[in-house]
Engineer: 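Please find one structure pasted underneath; my questions will follow.
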Amino acid sequence: MVQLILGKKGKGKTKIILDMVNKEVNDAKGNIVYLDNKVRLINVLDYEIANADEFIGFIRGIVSQDHDLEQIYFDSFLKIAQLEASDRIEEVVAELDQISDKYGFKIVASVSLDEAELPEALKSKVIVSL
């Protein structure tokens, strides 16, 4: 299952996602991964991911190493997944959905878009729209 937090830059998506992570940490029985474009838990930019396919491979690598994974949080999803100048968001989210369903964990991603800019097929995944 992939869930999306939408809003243009500066609307408060990071605060919402961090609040969610902090709340979930208290109840988690397995592990939680947080990906960001800044140094927090995993600095995705350190791994020189060049495109969305490499990002998917990066996520598969995390999943393969953590059998207790319950949740992954992506802050600045379009940036870390190399989707800022791409029209592949629907395709990449579908692939992440398939991975998370297969291995039984949840993904929450902050996306710097207004809901009106989001492909129609992804609107059911929105949990917060700022």
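Along the sequence shown, residues carry numbers from 1. Everything numeric in this text was worked out from a predicted model, so none of it was measured. Computation of the quantities below employed the complete heavy-atom set of this structure, encompassing side-chain atoms and omitting hydrogens, waters and symmetry-equivalent molecules.
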Engineer: In this structure, which one of Leu96, Ile5, Leu35 forms a side-chain contact (heavy atoms from CB on, under 4.5 Å) with Phe77?
Structural biologist: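 Filter result, single survivor: Leu96.
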Engineer: Rounded to the nearest 0.5 Å, what separates atom CE in Met20 from atom CD1 in Ile17?
Structural biologist: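 Going from the CE atom of Met20 to the CD1 atom of Ile17 covers 7.0 Å.
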Engineer: Of all heavy-atom pairs between Ile89 and Pro119, which one has the smallest distance, and what is that distance?
Structural biologist: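 The answer is CG2-CG, 3.8 Å.
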Engineer: Would you mind reporting whether Leu6 and Leu118 have side-chain heavy atoms less than 4.5 Å apart?
Structural biologist: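 With C-beta onward as the side chain, the pair touches.
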Engineer: I'd like to know if Met1 and Leu4 are part of one continuous hydrophobic network [Ile/Leu/Val/Met/Phe/Trp/Tyr, side-chain heavy atoms within less than 4.5 Å].
Structural biologist: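 No; tracing contacts between hydrophobic side chains, which count when under 4.5 Å, never links both residues.
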Engineer: Which pair of heavy atoms, one from Asn22 and one from Asn26, lies closest together, and at what distance?
Structural biologist: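 Smallest heavy-atom distance, with atoms named: O-ND2, 3.6 Å.
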Engineer: How far does CZ of Arg60 sit from CD1 of Ile62, to the nearest 0.5 angstrom?
Structural biologist: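 If we round to the nearest 0.5 Å, Arg60:CZ and Ile62:CD1 are 12.5 Å apart.
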Engineer: Taking atom types as modelled, find out whether Asn31 and Asp66 have a side-chain donor-acceptor pair closer than 3.5 angstrom.
Structural biologist: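 Judged by distance alone, the side chains do pair up.
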Engineer: Can you pull the salt bridge (charged side-chain N to carboxylate O under 4.0 Å, His left out) pairs that have at least one residue in residues 20-35, sequence neighbours excluded?
Structural biologist: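 Checked against salt bridge (charged side-chain N to carboxylate O under 4.0 Å, His left out) - neighbours excluded - no pair reaches residues 20-35.
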Engineer: List for me each residue that meets salt bridge (Lys or Arg N to Asp or Glu O under 4.0 Å) alongside Lys11, sequence neighbours excluded, and say none if there are none.
Structural biologist: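 In terms of salt bridge (Lys or Arg N to Asp or Glu O under 4.0 Å), with neighbours along the sequence ignored, Lys11 is linked to no residue.
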Engineer: May I ask you to test the Ile42-Tyr47 pair for a side-chain heavy-atom distance under 4.5 Å?
Structural biologist: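 A side-chain contact exists here, since the closest heavy-atom pair is under 4.5 Å.
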Engineer: Counting only N and O atoms by type, is there a donor-acceptor contact under 3.5 Å from the side chain of Glu70 to the main-chain atoms of Gly30?
Structural biologist: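 Pair found, side chain donor or acceptor close to backbone of Gly30.
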Engineer: Any donor-acceptor pair under 3.5 Å linking the side chain of Lys13 with the backbone of Leu130?
Structural biologist: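 Flag not set: sc Lys13 to bb Leu130 has no pair under 3.5 Å.
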Engineer: Kindly list each side-chain donor-acceptor pair under 3.5 angstrom involving residues 49-59, sequence neighbours excluded, with atom names and distances?
Structural biologist:
| residue | atom | partner | partner atom | Å |
| --- | --- | --- | --- | --- |
| Asn51 | OD1 | Asp53 | N | 3.0 |
| Asn51 | OD1 | Glu54 | N | 2.8 |
| Asp53 | OD1 | Arg88 | NH2 | 3.0 |
| Glu54 | OE1 | Ala50 | N | 2.8 |

Engineer: Is there a side-chain contact between Ile32 and Tyr73, using heavy atoms and a 4.5 Å cut-off?
Structural biologist: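 They are in side-chain contact.
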Engineer: Taking only distance into account, with no hydrogens and no angle test, what donor-acceptor pairs under 3.5 Å do side-chain atoms of residues 105-116 form with protein atoms, sequence neighbours excluded?
Structural biologist:
| residue | atom | partner | partner atom | Å |
| --- | --- | --- | --- | --- |
| Ser110 | OG | Asp75 | OD1 | 2.8 |
| Ser110 | OG | Ser76 | N | 2.9 |
| Glu115 | OE1 | Ser129 | OG | 3.2 |

Engineer: Is it true that a side-chain atom of Asp97 and a backbone atom of Val2 form a donor plus acceptor pair closer than 3.5 Å?
Structural biologist: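 Side chain of Asp97 to backbone of Val2, a donor-acceptor pair under 3.5 Å: yes, one is there.
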Engineer: Which residues pass the salt bridge (Lys or Arg N to Asp or Glu O under 4.0 Å) test with Asp101, not counting sequence neighbours?
Structural biologist: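 Per chain and number, Asp101 pairs via salt bridge (Lys or Arg N to Asp or Glu O under 4.0 Å) with no residue.
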Engineer: Salt bridge (Lys or Arg N to Asp or Glu O under 4.0 Å) with Glu90: which residues, sequence neighbours excluded?
Structural biologist: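 Salt bridge (Lys or Arg N to Asp or Glu O under 4.0 Å) check on Glu90 returns nothing, list empty.
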Engineer: Mind listing the closest non-hydrogen atom pair of Ser64 and Gly61 along with its distance?
Structural biologist: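 Smallest interatomic distance, heavy atoms only, reads OG-O, 2.8 Å.
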